[in-house]
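Lettering follows sequence order; numbering is per chain, from 1. Keep in mind the model is a prediction, meaning the values are calculated, not measured. Just so it is clear, the values below take in all heavy atoms, side chains as well, and ignore hydrogens, waters and symmetry mates.
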Amino acid sequence: DTEVTQTPKHLVMGMTNKKSLKCEQHMGHRAMYWYKQKAKKPPELMFVYSYEKLSINESVPSRFSPECPNSSLLNLHLHALQPEDSALYLCASSQTSLGGIGDGYTFGSGTRLTVV
Amino acid sequence: GESVGLHLPTLSVQEGDNSIINCAYSNSASDYFIWYKQESGKGPQFIIDIRSNMDKRQGQRVTVLLNKTVKHLSLQIAATQPGDSAVYFCAEPSEGRDDKIIFGKGTRLHILP
């Protein structure tokens, strides 16, 4: 299995809702990432988990709460989001948190989130 | 500051011709650079990468050239096909740490029939 699987593919939520995005990989990768991508923009890093521990939080608002239950799973819990949080949320994984030749990230197809 | 930018936001190429996508980077200490392809509705897909001690690396129909003197990176796609239509991003590790990748602005490649 060489894929990163994200669910759901699409999500519409109200500003008072609580929802979760899920990400799963079975490549043995020990680093996992959440990125946010607005339309016609490059992906922007939100969080990095390395060996199931949070290693980077890019000053993301607390209404986004990441969780890494085990080395294969990564969740992003959403609460009280704003319409401007609407975006494509991408999960990625890599062999280690240290990149290098041939060690590119593997991205999922993303969750298209719309906040109404 | 940290930035990876591209010279052209959109590139239109005739099917069968070669495509050249350019990227300027700012961090002269970056150990490697990566090119990603992102098709509509999908996540970025790794294409090819290159270490900073290399000038050129070839893959299947793709070649990446690195000019460290002018901090310039290019992706060449040979015999461009309709399936090459996508947004292409160059990326490099963030200065001081390589568990964070910085993406360039992206170039949309449009294939003309």
Side-chain angles (χ1 to χ4, degrees), chain A residues 2-7 9-10 21 23-25 27 29-51 53-60 87-112, chain B residues 2-6 9-10 21 23 25 27 29-59 62 64 66 75 86-108 110:
Chain A
T2 58
E3 290 187 345
V4 173
T5 303
Q6 290 188 244
T7 55
K9 294 194 183 304
H10 301 274
L21 309 184
C23 174
E24 189 169 3
Q25 58 89 12
M27 295 177 280
H29 288 177
R30 300 311 299 271
M32 296 185 76
Y33 313 81
W34 280 114
Y35 282 81
K36 175 182 178 179
Q37 186 176 25
K38 300 285 277 186
K40 300 182 181 180
K41 296 289 186 182
E44 295 180 346
L45 184 67
M46 299 174 72
F47 302 105
V48 178
Y49 273 83
S50 178
Y51 295 91
K53 288 186 169 46
L54 183 65
S55 62
I56 296 180
N57 176 341
E58 289 289 292
S59 302
V60 179
L88 180 68
Y89 288 85
L90 293 161
C91 175
S93 69
S94 67
Q95 286 187 339
T96 66
S97 64
L98 302 177
I101 202 80
D103 190 27
Y105 290 26
T106 302
F107 281 87
S109 292
T111 294
R112 178 74 60 188
Chain B
E2 296 177 344
S3 67
V4 180
L6 296 172
T10 304
I21 300 170
C23 178
Y25 63 92
N27 181 10
S30 288
D31 289 332
Y32 62 95
F33 303 88
I34 308 171
W35 280 101
Y36 288 96
K37 171 186 181 183
Q38 187 173 23
E39 297 175 89
S40 181
K42 296 184 179 180
Q45 178 186 5
F46 173 85
I47 302 174
I48 192 169
D49 54 12
I50 186 169
R51 275 210 182 278
S52 59
N53 61 357
M54 301 168 72
D55 296 323
K56 179 180 179 180
R57 192 171 188 217
Q58 288 186 294
V62 296
V64 56
L66 176 61
L75 178 71
V87 177
Y88 290 81
F89 295 99
C90 63
E92 64 178 328
S94 176
E95 190 167 351
R97 60 187 309 162
D98 58 7
D99 53 356
K100 175 181 174 180
I101 283 184
I102 303 293
F103 283 80
K105 291 188 175 66
T107 293
R108 178 171 297 282
H110 178 59

Portion of A:E58 that has a non-hydrogen atom of chain B nearer than 4.5 angstrom: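 When you check distances to chain B, only side chain atoms of A:E58 fall under 4.5 Å.
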Under 4.5 Å from any heavy atom of chain B - which part of A:Q37: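 Just the side chain, heavy atoms under 4.5 Å.
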B:F89 and A:P43, any side-chain heavy atoms less than 4.5 Å apart: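 Sidechains of B:F89 and A:P43: in contact.
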Taking every non-hydrogen atom, the tightest pair across B:I101 and A:Y105: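 Residues B:I101 and A:Y105, closest heavy atoms: CD1-CE1, 3.2 Å.
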A:L90 to B:G43 - nearest heavy-atom pair and separation: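 Nearest heavy atoms, A:L90 then B:G43: CD2-CA, 3.7 Å.
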Nearest-0.5 Å distance that lies between atom OG in A:S109 and atom CD in B:E39: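 If we round to the nearest 0.5 Å, A:S109:OG and B:E39:CD are 10.0 Å apart.
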Contacting moiety of B:Q38, where chain A heavy atoms sit under 4.5 Å: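 Looking at B:Q38, just its side chain touches chain A.
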A:K41, NZ: over 12 other non-hydrogen atoms inside 6.0 angstrom: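 It does not: A:K41 NZ has 12 such atoms or fewer within range.
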